[in-house]
Protein chains: 2
Amino acid sequence: MRNRPSTLEEVARLSGVSTGTVSRVINNAPHVSKKSREAVQRAIEELGYVPNTAARSLATARRGAVALAISSDDPVLFANQFFAEVISGVNAVIEETDLQLMLVLAASDRGHSRLTRILQSRAADGVMLLALRENDPLSKIADEGQVPVVHGGRSLDRTPQYYVDADNRGGARQAVEYLVSLGRQRIATITGQTDMHVGVNRYLGFREALALAGLADHRISHGDFSEASGAAGMAQLLDEHPDLDAVFVASDAMAAGALKVLRERGRSVPGDVAVVGFNDIVTAQHTHPALTTVRQPIEALGREMTRMLVRLIDGDRPTSLILPTELVVRESA
Amino acid sequence: MRNRPSTLEEVARLSGVSTGTVSRVINNAPHVSKKSREAVQRAIEELGYVPNTAARSLATARRGAVALAISSDDPVLFANQFFAEVISGVNAVIEETDLQLMLVLAASDRGHSRLTRILQSRAADGVMLLALRENDPLSKIADEGQVPVVHGGRSLDRTPQYYVDADNRGGARQAVEYLVSLGRQRIATITGQTDMHVGVNRYLGFREALALAGLADHRISHGDFSEASGAAGMAQLLDEHPDLDAVFVASDAMAAGALKVLRERGRSVPGDVAVVGFNDIVTAQHTHPALTTVRQPIEALGREMTRMLVRLIDGDRPTSLILPTELVVRESA
DNA sequence: GTGAAAGCGCTAACAC
DNA sequence: GTGTTAGCGCTTTCAC
């Protein structure tokens, strides 16, 4: 570790101009002579000067940072890769700005209250809120807070003012329409939690598609997005509707469970039963047969959330976004 | 959004004490009468006062934040789940402190120079550096920087002063010893990049175990940790050493590729050829057959790195750590 | 046990 | 185009 970082005042002294001018150069404001500008730049170089962000924040009342807050410990959303992809998208936009990214995982109560503090205190210039639980008290706090908030995903209880979401309903519709186009007639579904926005909307998409095709939509089992619940759901469906010829499963994890049960019961996929999942997790490529599924634009979600937040911080009024999903056809349907 | 946050001075006014006393209460310093303390707390409550972190940072010369920097875009390490697990571990420790977590993904050049700035400028009180490339210039900058640095993993060119790493060598040895204990005699390996610390050490572990068992160690193919290279490596090994009865593959991704080739060539696993991977990625549970592999303590890595950094910030001199790995036996060996 | 006041390093308004 | 200076909101001596 080296000696103490140098200050703006030292730069001023060395370059023979006032602190005001140095400051102008650093923030490349207009009305600075070429001569001073170069003198300052030389001095900065020589001293290895780096501005003190705390001092700057204090003077400008801007933090120079945004927070990405993940409130829920919901395994489905937090699941590994979703997380990594969102961050990757967020980072891509952040890198173009001078903002820093703070990460706040509100797993414990402590994390929760910490997030509350950030929302109330202007510790960040803006917050992206991901995976809020239904009726999460944070939702209210966010609305009353000091800083702009962008939500990733919606919840059932309230639609946030600024959000980016994937088109879960459209994606589900697309998946089921594909099954219909394959000639399947007796299509079932295993839903996710229907007290969650994603769960409900994928289910609605399912019903919508069947209604449009004039097919029956009573073959339903309710899961919770977990692999185990997918297996259980599939077993139940086979018991209750042995004639089914396709199943739309609201998550890939559940679909993996369903495939296992189908194999055990000797139903061939997609011969006897076609299967479509949702999310396109990595594992979807490695199931047997490989899973046809709906891909969410997760990285884009991160990118768009960040863009939106930056615009809000700049005082703009962006409009919320629903991002399209994409059907990835593999072997299971 | 509400009105302006209140200041410490306002708290002082409302509670009828000096700003000095308010400050003492907030940082619960000794020598404050019960009476003042309570008056202050009441005022804080009433005003909803939250300290301004920038002002505090400026006064104390501490940032109240640490950075987790991921320098490399190395797909192996950045791979989804590794990333999420590290962060989860980091977060667990962070939540116990008053520190904030800044995330710096140095994917682009811009990201890189941004990280350099942080290292040089005390924008964070400490930095955790993950997945540094070999000969990464950052390594040097980190050493010369203003803040304590903890490395996750090592590189070939230099052993950092403070690091936490997984026992790659020991893990590999363990894996191969297990194959030996199964009675396998003609054991091959597909290595990772051997210009990377992990690559080399897993390879060394392989040789060590064979040497100890008095077995030949010439069945080698060099991969790059990718699934494709695993497939190519397996094909090559089968061509050159058709008699092999086991293979230690230095990553699960490569192992997945290898399994595919074995299946295509009609070799049964583990009947004809036993396969062990490394990393225990989620997919390992879903290959056919499910993959026996070496699990790295990734969350612990994040936790221990953070603990170490916090101790460094506090002025302690922690000692570097190598965390044990664990063999996860499934069906492939 | 408490108050007063001098900074921390920067920006921004104002004067020239 | 440039210099001067008053803060930003907090902590921390130093008196008392």
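By convention in this document, chain letters (A, B, ...) are assigned in the order of the sequence lines, proteins followed by strands, and residues within each chain are numbered from 1.
One interatomic measurement links the two molecules: CZ of Arg13(A) to P of dT2(D), which rounds to 20 Å at whole-angstrom precision. Atom C1' of nucleotide dT2(D) and atom NE2 of His31(A) are separated by 12 Å, given to the nearest angstrom. For Leu58(B) and dG7(C), the CG to P distance is 14 Å, given to the nearest whole Å. Atom C1' of nucleotide dT4(D) and atom CD of Glu9(A) are separated by 12 Å, given to the nearest angstrom. Computed from coordinates, the Leu8(B) CG to dG7(C) P distance equals 20 Å when rounded to whole Å. Distance, Asn27(A) CG to dC10(C) P: 11 Å, rounded to whole Å. The distance from atom CD of Glu10(A) to atom C1' of dG9(C) is 11 Å, rounded to the nearest whole Å. In this structure, the NZ atom of Lys35(A) is 15 Å from the C1' atom of dG3(D), given to the nearest Å.
Closest to the Ala55(B) side chain, of the nucleotides dT11(D), dG9(D), dG1(C), is dG9(D). The side chain of Tyr49(B) has dC10(D) as its nearest neighbour among dT11(D), dC10(D), dG1(C). When distances are taken from the side chain of Asn52(B) to each of dG9(C), dG3(D), dC10(D), the shortest belongs to dC10(D). Closest to the side chain of Thr21(B), from the set dC10(D), dA12(C), dT2(C), is dT2(C). For Thr7(B), the side-chain atoms get nearest to dC10(D) when compared with the rest of dC10(D), dT2(C), dT11(C).
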Point to revise | Derivation and outcome, side-chain contact (heavy atoms from CB on, under 4.5 Å), residues Val164(B) and Met308(B) | key: CA-CA 9 Å; Val164(B) 181; Met308(B) 192 174 289; 3.6 Å; yes

Practice item. Show your working on salt bridge (charged side-chain N to carboxylate O under 4.0 Å, His left out) between Arg42(A) and Glu45(A) and close with a plain yes or no. Key: CA-CA 5 Å; Arg42(A) 232 174 300 126; Glu45(A) 190 75 19; over 6 Å; no

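Ion pair Asp125(A)/Arg63(A) not flagged as a salt bridge, since none of the NZ, NE, NH1 or NH2 atoms sits closer than 4.0 Å to an Asp/Glu carboxylate oxygen. Here Glu299(B) pairs with Arg303(B) in a salt bridge; the nearest charged N to carboxylate O distance falls below 4.0 Å.
Heavy atoms of Ser23(B) sit under 4.0 angstrom from at least one base atom. Contact annotation for Ser36(A): backbone-only contact, meaning every heavy-atom pair under 4.0 Å involves sugar-phosphate atoms and none involves a base.
Between Gly20(B) and Ala59(B), the residue whose closest nucleotide on DNA chain C is further toward the 5' end is Gly20(B).
Arg158(A) and Ser139(A) share a side-chain donor-acceptor pair at under 3.5 Å.
Contact between the side-chain N/O atoms of Thr19(B) and the OP1/OP2 oxygens of dG3(C) is not found at any separation under 4.0 Å.
In terms of polar N and O atoms assigned as donor or acceptor, the side chain of Arg24(A) comes within less than 3.5 Å of the base of dG3(D) in a complementary pairing.
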